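We number each residue from 1, following the sequence as shown. Here the structure is a predicted model, which is why all the values come from computation and not from measurement.
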Amino acid sequence: MAHRVHDHQSHLPVAQATVLALPPNSQAKDLRPRFTALDALLCGAFAGAVAKTVIAPLDRTKIIFQVSSKRFSAKEAFRVLYCTFMKDGLLSLWRGNSATMVRVMPYAAIQFSSHEQYKTLLGGYYGYQGKALPPFPRFLAGSLAGTSAAMLTYPLDMVRARMAVTAREMYSNIMHVFMRISQEEGVKTLYRGFTPTILGVIPYAGITFFTYETLKKLHTEKTKRSQPYPHERLAFGACAGLIGQSAAYPLDIVRRRMQTAGVTGSSYSTILGTMRAIATQEGVIKGLYKGLSMNWVKGPVAVGISFTTFDIANNLLFKLHQLGYFTQS
């Protein structure tokens, strides 16, 4: 992600930056064009799918607490998991994961691939083409990437939230959610909570990408190795996720309340109104930061797995290109 590249490599897609791990004599010009934006999209989609599937039961449990007035605790979270398992079976813990996959795969693909494109554009604009970006452009590239992905996939996030907090009898599948919301609540409902989502994504994505790239940059300077080991990537991603999600968490609570208002009987309509209602009825810490401790478990794990999977998939694809498994069209 935060690779040091030379001027003549500044326009390479994200996946190709892994060539820096190879000796100089292996960076042949005829290999470079073989990596396309499609490679970055595929790696991003795969990374997002793996990360979200691993933490899906915790994610569903967190949403259940976020949209209710129940007080959160580790004991209560475990009880929700256990009762869900006993009542509906093991697979029920992954209810809504199909909607998550439909959303997270294009979301992660767009976010990772557009991040590299924004880095290239900002590098040229600020005069750092082919070099590591300074702090602010590094943060801005992450924020723009997250915003682009959120804008293009938001209705799927709404659907996923609805499926996570309702029984199977209410919504049987993804299309059923879309149809019922459109018919009973109006198409505009699919974008309820969009503003707090974007406001939350800006600091979250910006801080997450900034932290991950900064840690990789510092690692390269200290160890003289351009590529961290997988466990180091995982640690960098975990730190990035922990900081990023903590900074944007209250807006995550707000968007979930607004997304599920139609099925919880609540009347959340504005960001400030929702925040005021939550803070008044449940308190600031126990309301706006409800479930944050669970996020400190699942968030770093998810982000760490996502960044690590993305980088490893990039390396693997590059090696396959080198071995001639893919031909340039």
Side-chain angles (χ1 to χ4, degrees), residues 51-101 103-104 157-171 177 192-193 196-197 200 204 238-239 241-268 271 273-306:
K52 281 296 186 180
T53 299
V54 169
I55 54 93
L58 293 177
D59 214 17
R60 186 187 178 197
T61 303
K62 183 200 74 171
I63 293 174
I64 290 173
F65 278 98
Q66 284 183 325
V67 302
S68 72
S69 58
K70 292 180 181 178
R71 182 168 294 183
F72 176 84
S73 68
K75 182 179 179 181
E76 282 298 303
F78 178 78
R79 191 182 69 79
V80 169
L81 281 166
Y82 179 75
C83 291
T84 302
F85 166 71
M86 294 300 294
K87 180 182 178 182
D88 300 315
L90 180 64
L91 292 180
S92 67
L93 297 176
W94 275 265
R95 173 164 168 74
N97 196 51
S98 57
T100 299
M101 290 300 100
R103 169 190 171 266
V104 81
D157 188 46
M158 160 68 84
V159 168
R160 176 252 186 158
R162 286 292 181 96
M163 291 186 73
V165 300
T166 57
R168 184 175 295 275
E169 293 75 26
M170 185 166 187
Y171 297 122
V177 184
R192 182 183 292 163
T197 297
Y204 168 65
C239 289
L242 182 65
I243 298 170
Q245 292 192 346
S246 297
Y249 195 76
L251 286 166
D252 192 42
I253 291 281
V254 170
R255 77 181 174 114
R256 291 305 184 198
R257 294 292 179 98
M258 294 178 72
Q259 285 176 337
T260 58
V263 294
T264 59
S266 303
S267 57
Y268 301 118
I271 298 173
T274 302
M275 293 186 79
R276 190 181 300 114
I278 295 171
T280 301
Q281 297 167 15
E282 304 167 46
V284 175
I285 301 299
K286 294 180 180 179
L288 292 174
Y289 287 90
K290 181 188 294 183
L292 178 59
S293 57
M294 178 174 284
N295 239 39
W296 285 343
V297 174
K298 79 170 193 65
V301 170
V303 176
I305 290 173
S306 181

What pair of heavy atoms forms the shortest contact from [X] to [Y], and how long is it?
X: G241; Y: V303; value: CA-CG2, 3.6 Å
X: L288; Y: A279; value: CD1-CB, 4.5 Å
X: Y289; Y: S246; value: CE2-O, 4.4 Å
X: Y204; Y: A248; value: CB-CB, 3.8 Å
X: I278; Y: R257; value: CG1-NH1, 3.6 Å
X: L242; Y: P300; value: CB-CG, 3.8 Å

| message | Looking at S306 and A302, would you say the former's side chain and the latter's main chain have a donor-acceptor pair under 3.5 Å? | response |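 No: the side chain of S306 does not pair with the backbone of A302.
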
| Side-chain (R162) to main-chain (Q259) donor-acceptor, under 3.5 angstrom | yes

What distance do [X] atom [atom1] and [Y] atom [atom2] have between them, rounded to the nearest 0.5 Å?
X: M86; Y: R79; atom1: CE; atom2: CZ; result: 13.5 Å
X: E282; Y: T280; atom1: CD; atom2: OG1; result: 10.0 Å
X: T197; Y: L251; atom1: OG1; atom2: CG; result: 8.5 Å
X: K286; Y: Q281; atom1: NZ; atom2: CD; result: 15.5 Å

| query | Is it true that E76 and K290 make a salt bridge, defined as a side-chain N closer than 4.0 Å to a carboxylate O? | reply |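 A salt bridge is absent here (no side-chain N lies under 4.0 Å from a carboxylate O).
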
| said: Regarding D157 and R256, does a basic nitrogen lie under 4.0 Å from an acidic carboxylate oxygen? | reply: yes

| task | List in chain and number order the residues that pass side-chain hydrogen bond (donor to acceptor under 3.5 Å, both in side chains) with Y249, two or more places apart in sequence or in another chain; answer none if no residue qualifies. | result | Q66

| query | Could you go step by step and tell me if R60 and L93 meet the side chain to side chain contact (heavy atoms under 4.5 Å, CB included) rule? | reply | CA-CA 7 Å; R60 186 187 178 197; L93 297 176; 5.7 Å; no

| query | Parallel under 30°, tilted from 30 to 60°, perpendicular over 60°: which one fits the rings of Y82 and F78? | reply |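 Rings of Y82 and F78: parallel, under 30°.
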
| task | Evaluate the side-chain proximity of T53 to M101: yes if any heavy-atom separation is below 4.5 Å, no if none is. | result |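 Counting from C-beta outward, M101 and T53 do come under 4.5 Å.
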
